[in-house]
Amino acid sequence: DTGVSQNPRHKITKRGQNVTFRCDPISEHNRLYWYRQTLGQGPEFLTYFQNEAQLEKSRLLSDRFSAERPKGSFSTLEIQRTEQGDSAMYLCASSPGVGVSNQPQHFGDGTRLSIL
Amino acid sequence: AQSVTQLDSHVSVSEGTPVLLRCNYSSSYSPSLFWYVQHPNKGLQLLLKYTSAATLVKGINGFEAEFKKSETSFHLTKPSAHMSDAAEYFCVVDFGNEKLTFGTGTRLTIIP
């Protein structure tokens, strides 16, 4: 169990640029989740996948945001035309999923995005 | 409405004294409840979870929490604080809809 891995750890970019983050879940975990955490707040749910299927998206996920999990393994979160308000920590989590009830989500160390 | 409330945004205790971090939730049924800890610039680490088994749940690093349905509470305690316990603590609820709902967090400061 190598844990949830997120890359990059930090991303600094200019407003208007596109950014992409990657998350590698724990091996054989079927469910993968994305959360956003702004300074001084708890994380807020963005979206989640069951294998390659994206099953729910929060209203926080505007049309500038897109997430994929093409082969049911790693996932990417892309933000297009970044805005100042996108500055946050983006957290990825995974859990075993179907057939394993009440299993907690395991979190990565996050990607901190700073918009200049 | 389903919600989770952490009553204290900041708690300070002296090293070696007990820790109490308070959490209340609002739900029409008994959800799954968790406490996570977050150290600066790090992700979230699971401390413990309640999933309708024993009401007193023991976690890592000497922490435990008691589920009280009548009070809709899930307070986190530790008998003796250690300097390494200084961090942000989140009470988290799974209302059964596949997404976790986080409290606003409690920053725990340990006084030497």
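Since the structure is predicted, the reported quantities are computational estimates derived from the model, not experimental observations. Any value given below was found using the heavy atoms of this structure, including those in side chains, with hydrogens, waters and symmetry copies removed.
- When all heavy atoms of A:Pro104 and B:Phe34 are compared, the pair lying nearest together is CB-CE2, 3.7 Å.
- Neither the backbone nor the side chain of A:Gln6 comes within less than 4.5 Å of any heavy atom in chain B.
- Checking side-chain atoms of A:Tyr33 against main-chain N and O of B:Leu100 turns up no donor-acceptor pair under 3.5 Å.
- Within a 6.0 Å sphere centred on CZ of A:Arg15, heavy atoms belonging to other residues, nucleotides or ligands number 12 at most.
- Between chain B and the residues A:Met89, A:His10, A:Gln105, the most heavy-atom pairs under 4.5 angstrom are made by A:Gln105.
- When each of B:Arg107, B:Gln6, B:Gln38 is checked for heavy-atom pairs under 4.5 Å with chain A, B:Gln38 comes out on top.
- Scanning all heavy atoms of the two residues, the minimum distance from A:Pro43 to B:Leu44 falls at CG-CD1, 3.8 Å.
- Contacts of A:Gln37 with chain B are made by side-chain atoms alone, with heavy-atom separations under 4.5 Å and no backbone atom involved.
- A:Leu55 CG: more than 12 foreign heavy atoms inside a 6.0 Å radius.
- Rounding to the nearest 0.5 Å gives a distance of 6.0 Å between NZ of B:Lys42 and CZ of A:Arg9.
- Within 6.0 Å of atom CG in B:Leu56, more than 12 heavy atoms from other residues, nucleotides or ligands are found, so the atom counts as buried in its surroundings.
- Linking Ile, Leu, Val, Met, Phe, Trp and Tyr whenever their side-chain heavy atoms come within less than 4.5 Å leaves A:Leu91 and A:Leu46 in two separate clusters.
- Atom NE2 of A:His106 is separated from atom OH of B:Tyr36 by 7.0 Å, given to the nearest 0.5 angstrom.
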